[in-house]
Amino acid sequence: MKQTFMTNPFRETSFHIRWSQLSAAQVEPAITAALDDAQRALDAVATLDLEAVTYRNTVLALEAATLELGQTWGKVTHLQSVADSPELRAAHNAVLPKVTAFFAKISLWPELWQRLKAFARTPEAAALTGIHRRFLDETLADFRQAGADLPADSRARLEALQTELAELTQKYSENVLDATNAWQLLVEDEGRLAGLPPHALAAARQSAAAKQLGTEEKPVWRFTLHGPSQEPVLTYLEDGALRRELWSAAVAVGAASPHDNTTLIGKILRLRAEKAALLGKAHFADAILERRMAKNGARALSFIEDLRERSATGFARETADLVAFKAARTRARVPANLAPWELGYWSEKLRREQYDFDEEVLRPYFPMGGVIAGLFDLVGRVFGLKVTEHPTVGPGAVEVWHPEVKFYDLFDARGRHVGSFYADWHPRESKRGGAWMNYLLTGGPQPDGSRAPHLGLICGNLTPPSGGKPALLTHREVETIFHEFGHLLHHLLGEVEIKSLNGVNVAWDFVELPSQIMENWCWERESLDLFARQYETGDVIPDPIFRKMVAAKNFRAATVMTRQISLAKMDLLLHTRTAEFAAVRDVEPVIRAAIADCLIPTEPPAPTLVKRFTHIFSDPVGYAAGYYSYKWAEVLEADAFTRFRTEGLFNATVGEDFVSKVLSRGNAADPAELFRDFMGRDPDLEPLLRRSGI
């Protein structure tokens, strides 16, 4: 593999990144130099003679101009998400406005737009076909959608808006991370921990020991707001006072000083609305969705409302059943709404009673190593891929940013090295929450006819090893691994010669199709037997447990569906009716009332997720006005998976079809066309409703 070493390691172009050499002090000089190089490259395009413009010196040159800057900035933002420190955060935030302003001005640069339009009128442009026609059309659309045709004062304001939005959303994200890390619950009386599964007890002891809290004689159990610590408490702990304490801390994330996002939300919403108005759109949702599958905010909201109405009867019934169940079990004279910190606890008790099924019995069958090995076996059978782990210590080692991180190489059926990826699965205080996939390098077909490998990564915050045992996962965590790996395959299997059209660079209501379809294999006996093995004996999940697991799959399915609908509806209302939400000091009570038909009635009422909703507020765009995409794409993947169910779970022909018609094609064609190419028809809603039991 060719390696190019520059003075600053952030600017190295080597495939194997030297993470140990990257430091906060190098961020500003690296980004400054990369910005200067990108500026010179864009200047060359902007000063071309209008009669001399060609596809190569204009359209392709525009893409190439910012390639190295994007790769350099990608390393900075990635490190800040997995190895945050005061020094790195300060360095990142110091250059963030410059980077944001630079990218914002490209589509608003009159001289660049003139040359693009001049080229679009040439015979060479008219003769373009295939991916090159698609690239020209997408580039022109990018510029128009960004406001390239607006007058100078509007373009200048749009540039300033983007910079301000980048700073505000970065601060929102930091507040959520800092508030999460600032809280801990220490318990010294083991008697108060009745009901917690053994793995959760062991993890809490280990967490305390890592902070040098407690001794063998006087142990301490430490709980945090990270998912693997928080969820068992809210689901299993008998002590209601402790559950309430943890829940209260969780809902205060982003809502209390010094990490309060209240005023940031209003500012972000107002700036997004102003941006939409400058672009001639009624609201931010219409501005964002114009080129996505939904096309506009009204259609996305109509889709979400349709799902809500289909789920409403089941949602009401499930809510009433839970209230009645708790009342019966506690011998209450009058059934009453549950407290919000009781929902998970009593739901789990109801599930056990209805299905005689405790999800914790599955953990021993999902050791992290076995799950990963089974996943690799599965994609080998279905997609003809081979994954091999590359050493991260010793001779020939690949550097990683943390000792827990692993590195893998991916080969296709022909033995080609199509890509590599890092995997970082467990929580750390320096790492942001959630699970995600990203890319560091885009390879694919090269001008000389060769193919360069792609480089990507997957991260999560899953249950870590504890008590001398391997990381034993929940079934939902297994689904998370499969989900993120689906995104990764979308990047690594890309065969699009235009880098910006490769892999996950597709419409956001299509991007979740490759990820969510992978989750289906986590529910099939045939595929589970590849990786669901008891970590000590190697036994597969016993049939009685498997039958209970499948029977309980749709337990409170309408409630699960409605929760996702509530988040999508919240997002769309905030970005279609912005004036009424941005005008109030605190958006929480107003947005809560607006989505009340999607919320479980509790006493006291639970606040919404709005002040810690990083999906829509931690990026200038991100999932803003696009959270509905999860449900939209779920319709697509539930329908697409019917081919595997009909033709064979491990059917290599169907797998090859999915690779060649979806995974490898990125944004080479309209997503609706890609779906029709794979399924032979438009999507059908019924498979999702049947699968969900709604």
Side-chain angles (χ1 to χ4, degrees), residues 195 230-238 240 243-244 246-248 250-251 301 303-359 475-476 548-549 551-573 588-610 612-613 627-628 630-631 634 688-694:
Q230 177 187 156
E231 289 166 17
V233 172
L234 294 177
T235 306
Y236 299 104
L237 190 68
E238 300 286 347
R243 271 190 277 114
R244 179 175 188 171
L246 186 144
W247 174 85
S248 298
V251 298
L301 193 55
F303 165 74
I304 286 299
E305 284 291 352
D306 179 40
L307 283 182
R308 186 195 64 76
E309 289 171 7
R310 291 170 185 263
S311 308
T313 300
F315 177 53
R317 182 182 63 252
E318 291 168 5
T319 300
D321 287 348
L322 189 61
V323 168
F325 174 73
K326 185 205 169 184
R329 290 289 293 269
T330 59
R331 295 186 173 88
R333 284 194 299 247
V334 180
N337 290 337
L338 279 66
W341 55 87
E342 295 180 318
L343 292 175
Y345 176 77
W346 285 105
S347 293
E348 181 59 24
K349 286 191 175 299
L350 178 58
R351 186 215 304 268
R352 291 194 195 191
E353 181 161 301
Q354 287 187 347
Y355 299 99
D356 187 27
F357 177 64
D358 175 5
E359 281 197 331
H475 185 255
R476 181 62 203 138
K548 290 176 183 178
M549 168 188 163
K553 177 182 181 183
N554 287 330
F555 173 68
R556 292 174 61 78
T559 301
V560 173
M561 174 82 80
T562 305
R563 182 183 184 276
Q564 284 295 97
I565 290 168
S566 75
L567 297 176
K569 184 174 180 179
M570 180 199 305
D571 172 33
L572 286 167
L573 291 181
E588 164 57 38
V590 187
I591 192 61
R592 194 185 192 286
I595 62 168
D597 55 1
C598 302
L599 303 177
I600 300 174
T602 61
E603 186 55 48
T608 69
L609 200 67
V610 70
R612 58 191 191 282
F613 200 175
Y627 197 84
Y628 76 91
Y630 284 105
K631 301 313 293 182
E634 200 173 346
L688 172 62
L689 298 177
R690 284 197 303 270
R691 188 178 71 187
S692 301
I694 295 174

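All values below come from the heavy atoms of this structure, side chains included, with hydrogens, waters and symmetry mates left out. Index from 1, following the sequence.
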Quiz item: What's the verdict on side chain to side chain contact (heavy atoms under 4.5 Å, CB included) for Leu338 and Tyr345, showing C-alpha distance, side-chain angles and the deciding distance?
Solution: CA-CA 10 Å; Leu338 279 66; Tyr345 176 77; over 6 Å; no
Quiz prompt | Euclidean distance, Ile694 CD1 relative to Asn554 CG, rounded to 0.5 Å | solution = 8.0 Å
Practice problem: Using a strict 4.0 Å threshold on nitrogen-to-oxygen distance, state whether Glu353 and Arg329 make a salt bridge. | Solution: yes
Practice problem: Would you mind reporting whether Thr608 and Phe613 have side-chain heavy atoms less than 4.5 Å apart? | Solution: no
Quiz item: Does Arg351 CZ have over 12 foreign heavy atoms under 6.0 Å away?
Solution: yes
Quiz item: Is there a donor-acceptor contact under 3.5 Å from the side chain of Arg308 to the main chain of Cys598?
Solution: no
Self-check item: Expected output: side-chain Glu318 to main-chain Ala558 donor-acceptor under 3.5 Å
Solution: yes
Quiz item: Looking at CD1 of Ile304 and OH of Tyr627, how far apart are the two atoms once the value is rounded to the nearest 0.5 Å?
Solution: 10.0 Å
Check: residues 319-328 side-chain donor-acceptor pairs under 3.5 Å, at least two apart:
residue, atom, partner, partner atom, Å
Thr319, OG1, Phe315, O, 2.9
Lys326, NZ, Glu342, OE1, 3.2
Lys326, NZ, Glu342, OE2, 3.2

Quiz item: Distance from Lys631 atom NZ to Lys569 atom NZ, nearest 0.5 Å?
Solution: 15.5 Å
Quiz prompt | Phe303 and Leu572, any side-chain heavy atoms less than 4.5 Å apart | solution = no
Quiz item: Please walk me through it: do Met549 and Tyr355 pass side chain to side chain contact (heavy atoms under 4.5 Å, CB included)?
Solution: CA-CA 8 Å; Met549 168 188 163; Tyr355 299 99; over 6 Å; no
Practice problem: May I ask you to decide if Ile600's main-chain N or O and Arg563's side chain share a donor-acceptor pair within less than 3.5 Å? | Solution: no
Quiz item: Is there a donor-acceptor pair closer than 3.5 Å between any side-chain N or O of Ser347 and the backbone N or O of Gly344?
Solution: no
Quiz item: To the nearest 0.5 Å, how far apart are CE in Met570 and CG in Leu609?
Solution: 6.0 Å
Practice problem: Hey, could you give me the CG/CZ distance between Asp358 and Arg352, rounded to the nearest 0.5 Å? | Solution: 3.5 Å
Self-check item: Residues Ile565, Glu305; criterion side chain to side chain contact (heavy atoms under 4.5 Å, CB included); working and verdict
Solution: CA-CA 8 Å; Ile565 290 168; Glu305 284 291 352; over 6 Å; no
Quiz item: Could you walk me through whether Glu634 and Arg691 pass the side chain to side chain contact (heavy atoms under 4.5 Å, CB included) check?
Solution: CA-CA 11 Å; Glu634 200 173 346; Arg691 188 178 71 187; 3.3 Å; yes
Quiz prompt | Gap between atom CG of Leu599 and atom OG1 of Thr562 - 0.5 Å precision | solution = 10.0 Å
